[in-house]
Asker: 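Attaching a single structure in structure tokens format; questions to follow.
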Amino acid sequence: MIYYIKGELKEAGTDFAIVENHGIGYLIRVPAAVIAKLPAVGSEIQIFTYLYVREDILDLYGFLNRDDMNIFRLLLGVSGIGPKGALAILSTISADELRFAVLAGDAKTIAKAPGIGNKTAQKMVIELKDKLKLEEAFEQKIANEEKSSLGQAAEIQNEAVQALTALGYSPTDALRAVRAVTVTEEMTVEALLKASLKTISR
């Protein structure tokens with residue numbers, strides 16, 4: 001099984017991404033939420049994958065983190081849910097929202113996904129409820145929020161480094177200056193840039 005693919009993002013459509021690794025382009029079907037988070041074409045990316053094999057079907061489904069991939073695999077275990085249905089659900093609600101919807105018996109939220117009727121959503125709640133625990137759902141939600149926060153901080157730092165480099169500073173000095181500043185949740189790129197410039201001028 002292909003656990004993940006790391007390479008250059010060559011193309012992105014409404015429901016797929018093409019990643020090139022060692023001269024091979026992999027077409028990976030992804031939830032709509034993933035498309036919005038993909039970097040620019042030409043950037044390096046790592047996508048966790050699930051290889052779906054059925055008779056004459058051989059498809060790769062991809063996610064930006066292991067949690068989404070694990071939820072996708074869990075959904076495939078529900079009778080009547082195929083990969084397209086599972087992808088539609090994760091395109092409509094997040095893995096965290098799905099977990100809490102199942103635990104709360106909220107079939108209406110799940111039924112918002114295209115192609116997922118109320119009966120299928122209710123069946124999903126029944127079949128998945130015993131496989132999920134509230135404590136673990138809260139722990140995973142906190143972990144995902146922390147990762148998201150760290151990702152935003154890294155993005156802001158990257159932009160600040162690029163701005164300093166554009167101003168004529170060496171990449172090494174720019175990176176050292178940015179890392180010398182503590183990044184808070186509410187900090188903008190402009191604020192980080194100003195603080196970084198102060199550390200360089202010291």
Side-chain angles (χ1 to χ4, degrees), residues 1-21 24-41 43-133 136-137 140-141 143-145 147-148 151:
M1 179 170 173
I2 303 172
Y3 190 64
Y4 69 81
I5 294 174
K6 188 174 184 180
E8 182 182 345
L9 179 64
K10 284 294 186 179
E11 187 181 340
T14 55
D15 61 353
F16 72 89
I18 297 177
V19 179
E20 182 179 315
N21 177 282
I24 300 174
Y26 295 90
L27 190 150
I28 307 169
R29 302 186 186 282
V30 298
V34 168
I35 296 297
K37 297 177 181 178
L38 289 177
V41 171
S43 302
E44 185 176 72
I45 187 172
Q46 176 175 297
I47 296 184
F48 292 92
T49 58
Y50 177 84
L51 180 61
Y52 183 79
V53 181
R54 285 293 184 280
E55 297 179 1
D56 59 340
I57 300 174
L58 193 67
D59 283 332
L60 270 178
Y61 290 85
F63 310 90
L64 294 180
N65 57 67
R66 281 175 289 191
D67 183 39
D68 285 353
M69 182 180 68
N70 290 335
I71 288 295
F72 177 80
R73 295 175 67 179
L74 196 64
L75 287 172
L76 292 181
V78 177
S79 57
I81 298 292
K84 290 183 179 179
L87 208 64
I89 292 169
L90 290 175
S91 292
T92 307
I93 59 177
S94 68
D96 285 328
E97 290 170 335
L98 177 63
R99 265 189 289 264
F100 284 109
V102 168
L103 290 167
D106 183 8
K108 287 184 178 180
T109 294
I110 300 170
K112 291 178 182 177
I116 304 298
N118 196 50
K119 286 185 178 179
T120 302
Q122 288 175 345
K123 184 195 297 183
M124 190 182 306
V125 169
I126 293 170
E127 292 189 26
L128 293 182
K129 204 161 191 177
D130 291 337
K131 297 179 180 179
L132 298 171
K133 294 181 180 179
E136 292 177 358
Q140 189 61 58
K141 181 175 174 59
N144 287 340
E145 287 176 348
K147 286 179 184 177
S148 177

Asker: From the options L98, V125, T92, I93, select the one residue that forms a side chain to side chain contact (heavy atoms under 4.5 Å, CB included) with T109.
Answerer: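 Among the candidates, only I93 passes.
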
Asker: Any donor-acceptor pair under 3.5 Å linking the side chain of E127 with the backbone of S79?
Answerer: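 At least one qualifying donor-acceptor pair exists.
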
Asker: How long is the straight-line distance from OH of Y4 back to CG of N21, given to the nearest 0.5 Å?
Answerer: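 It is 9.5 Å, given to the nearest 0.5 Å.
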
Asker: Side-chain contact test, heavy atoms from C-beta onward, threshold under 4.5 Å: evaluate it for I35 versus T14 and give yes or no.
Answerer: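 I35 does not reach T14 side chain to side chain.
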
Asker: Is there a side-chain contact (heavy atoms from CB on, under 4.5 Å) between I47 and Y26? Walk through the geometry before answering.
Answerer: CA-CA 11 Å; I47 296 184; Y26 295 90; over 6 Å; no

Asker: Output the distance between atom CD1 (I110) and atom CG (L128), rounded to the nearest 0.5 Å.
Answerer: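 With rounding to 0.5 Å, CD1 (I110) is 7.5 Å from CG (L128).
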
Asker: If you measure from CG on L9 to CD on E20, what distance do you get to the nearest 0.5 Å?
Answerer: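 L9 CG to E20 CD: 11.0 Å, rounded to 0.5 Å.
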
Asker: Could you state the interatomic distance from CZ (F48) to CG (N70), rounded to the nearest 0.5 Å?
Answerer: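 With rounding to 0.5 Å, CZ (F48) is 9.5 Å from CG (N70).
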
Asker: Evaluate the criterion side-chain contact (heavy atoms from CB on, under 4.5 Å) for residue pair L60 and I5; output intermediate values, then yes/no.
Answerer: CA-CA 10 Å; L60 270 178; I5 294 174; 3.7 Å; yes

Asker: Taking all non-hydrogen atoms of both residues, which atom of I2 and which atom of T49 are closest, and how far apart?
Answerer: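 Nearest pair, atom of I2 first, then T49: O-OG1, 2.6 Å.
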
Asker: How far does OH of Y61 sit from CG of L76, to the nearest 0.5 angstrom?
Answerer: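 Going from OH on Y61 over to CG on L76, the span is 8.5 Å.
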
Asker: Of all the heavy-atom pairs spanning R99 and D67, show the shortest one and how long it is.
Answerer: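 Heavy-atom minimum between the residues: NH2-OD2, 2.8 Å.
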
Asker: May I have the step-by-step check of side-chain contact (heavy atoms from CB on, under 4.5 Å) for I45 and L64, ending in yes or no?
Answerer: CA-CA 9 Å; I45 187 172; L64 294 180; 4.2 Å; yes

Asker: Return the minimal non-hydrogen interatomic distance between A95 and I71, and the atom names on each side.
Answerer: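 For A95 and I71, the tightest heavy-atom pair comes out as CB-CG1, 3.8 Å.
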
Asker: Just by modelled atom types, is the I116 backbone N or O under 3.5 Å from a matching donor or acceptor in the T120 side chain?
Answerer: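 No, the answer is negative, given that no donor and acceptor are paired below the 3.5 Å cut-off.
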
Asker: Specify the closest pair of heavy atoms between I28 and G62, including all atoms of both residues, with the distance to one decimal.
Answerer: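 So the two residues come closest at CG2-N, 3.2 Å.
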
Asker: Does a side-chain heavy-atom distance below 4.5 Å link Y3 with M69?
Answerer: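 Heavy-atom side-chain distance check passes, below 4.5 Å.
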
Asker: Would you name the heavy atoms of K129 and L103 that are closest together and state the gap between them?
Answerer: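 Result for this residue pair: CE-O, 3.3 Å.
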
Asker: Might you work through the side-chain contact (heavy atoms from CB on, under 4.5 Å) test for L51 and L58, ending with a clear yes or no?
Answerer: CA-CA 7 Å; L51 180 61; L58 193 67; 3.9 Å; yes

Asker: Rounded to the nearest 0.5 Å, what separates atom CZ in F72 from atom CD1 in I89?
Answerer: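 Separation between the atoms: 10.0 Å.
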
Asker: List the atom of F63, the atom of V34, and the distance in Å for their closest heavy-atom pair.
Answerer: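 Looking at all heavy atoms of both residues, the shortest contact is CA-CG2, 4.4 Å.
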
